[in-house]
Structures are given as C-alpha cells and as structure tokens.
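In what follows, residues are counted from 1 in the order of the sequence shown.
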Amino acid sequence: PTLTPFDTTAADSVSNEPLPGIGPATARRLVAYRARLGFFVTAAQLREAGLPDSVFALNEKLLPAPGPPPPTAPRLALNRATEAELAAHPYVGRAAARLIVRYRAQHGPFADEAALRRMYGLTPAQATRLLPYLSFARPG
C-alpha cells in the first residue's frame, strides 16, 4: 500500500502503525507523549517520544512539520496551574515548576512571553521550547 503523510497532531496509534518501523507499542508511546505535551510543534519531537533516529529517518518524508495548533489545542495555564500541574509537563519538570510558582508569588502573574523569559532559572532555550504550550490568562 502507498503510505501518505499523517497528521502528527491528530494521528492515533492505529493510524501510526502502518508506517515503516512503527509497531503498536511505539505508536502507543508516540500518542501518549503527545498527550503529555498537548500537541506536537515539530515532527522532530517524535524522537523525544522514543522514536529511534533510524525509524525517524525512514519516515521523515511522511512526517511533515505540524501546522500551528488549533486555537482549541490544550495550553498550560501558566498563571493558574499548580506546581504539580506545571511539573507534569515534559518541558517543565519539578525544579522549573517550583521556580514558576515562586515567581508568581513574588511578582504576580506572568503578563506575557517577555516576563517568562526574564524569570531567573529558566534558560532562553527552555522558554522558547515551552512557549507554544502556555496560556498567559490571568487568574480569576
């Protein structure tokens, strides 16, 4: 059968399985990681989910970069999330979650991306990687 590109943001484990080198267990792992993230921003994030480089290379032409997430895509409410909710996101972790909660307690809610980037303890690379997954909605 001819393989066609699939949507890395919406594909379920069943639709992932026909890709070369991706069996049921790998497909479930990819979908589970996407669920923890909320959505994929790049096809390369499949490597973070445990897709071996060799399998990624084999399927690279079938893994187009996802488009921008839909407006309804889940976002982490940076100004409302608890430390545990923040820590559960793969790009945050416990140490950064603690820093974020302390920053909010000392400085109030994050107004925007610039405020996150100014936060001590979060590298520019971490902030850039995390930004697509955040909402800056004010508490209340």
Side-chain angles (χ1 to χ4, degrees):
T2 302
L3 296 175
T4 56
F6 72 95
D7 179 354
T8 55
T9 299
D12 62 16
S13 61
V14 174
S15 62
N16 286 340
E17 288 180 38
L19 295 174
I22 299 179
T26 300
R28 282 191 299 275
R29 193 170 57 245
L30 298 176
V31 171
Y33 188 72
R34 184 192 61 216
R36 287 183 57 219
L37 278 174
F39 50 89
F40 289 122
V41 176
T42 68
Q45 287 175 297
L46 295 169
R47 289 178 173 151
E48 296 172 16
L51 190 66
D53 289 342
S54 59
V55 177
F56 181 84
L58 187 64
N59 290 290
E60 195 164 10
K61 289 187 175 28
L62 301 174
L63 301 172
T72 58
R75 298 284 197 298
L76 188 56
L78 186 62
N79 290 315
R80 291 184 225 164
T82 65
E83 186 174 327
E85 290 168 335
L86 290 163
H89 193 279
Y91 292 170
V92 179
R94 279 189 291 193
R98 192 173 310 113
L99 289 171
I100 290 168
V101 169
R102 286 181 184 165
Y103 181 96
R104 287 189 325 218
Q106 292 174 356
H107 304 282
F110 288 87
D112 54 23
E113 174 182 325
L116 179 70
R117 290 186 183 281
R118 285 191 305 270
M119 189 183 89
Y120 177 79
L122 197 65
T123 68
Q126 287 173 305
T128 298
R129 186 176 176 194
L130 184 57
L131 280 168
Y133 300 99
L134 298 178
S135 158
F136 290 91
R138 298 287 183 145

Practice item. Apply side chain to side chain contact (heavy atoms under 4.5 Å, CB included) to Arg29 and list each qualifying residue two or more places apart in sequence or on a separate chain. Key: Thr26
Exercise for review: Check the hydrophobic clustering (I, L, V, M, F, W, Y; side-chain heavy atoms under 4.5 Å; chains of links allowed) and say if Leu58 and Ile22 are grouped together.
Suggested key: no
Practice item. Please collect all salt bridge (Lys or Arg N to Asp or Glu O under 4.0 Å) contacts where either partner lies in residues 108-121, sequence neighbours excluded, each pair once. Key: Glu113-Arg117
Study note, to complete from the structure: Sequence neighbours excluded, the answer for side chain to side chain donor-acceptor pair (under 3.5 Å) partners of Thr72 is none
Exercise for review: Report whether Leu122 and Phe110 are members of the same hydrophobic cluster (ILVMFWY, side-chain heavy atoms less than 4.5 Å apart, transitive linking).
Suggested key: yes
Donor-acceptor contacts, no H, no angles, side chain residues 97-104, under 3.5 Å, sequence neighbours left out:
unit_1, atom_1, unit_2, atom_2, d
Arg104, NH1, Leu78, O, 2.5
Arg104, NH1, Ala81, O, 3.0
Arg104, NH2, Ala81, O, 2.8

Review point. Would one find more than 12 heavy atoms of other residues, nucleotides or ligands at under 6.0 Å from atom CZ of Arg47?
Key: yes
**Study point:** Distance (rounded to the nearest 0.5 Å) between Tyr91 OH and Leu86 CG
**Key:** 16.0 Å
Point to revise | Residues in side chain to side chain contact (heavy atoms under 4.5 Å, CB included) contact with Ala73, at least two apart in sequence or another chain | key: Phe39, Pro69, Pro70, Arg75
Review point. What are the two closest non-hydrogen atoms of Leu30 and Ala49, and how far apart are they?
Key: CD2-CB, 3.7 Å
**Study point:** Considering all heavy atoms, the nearest Pro90-Leu37 contact
**Key:** CG-CD2, 4.0 Å
Review point. Just by distance, do the side chain of Arg36 and the backbone of His89 share a donor-acceptor pair under 3.5 Å?
Key: no
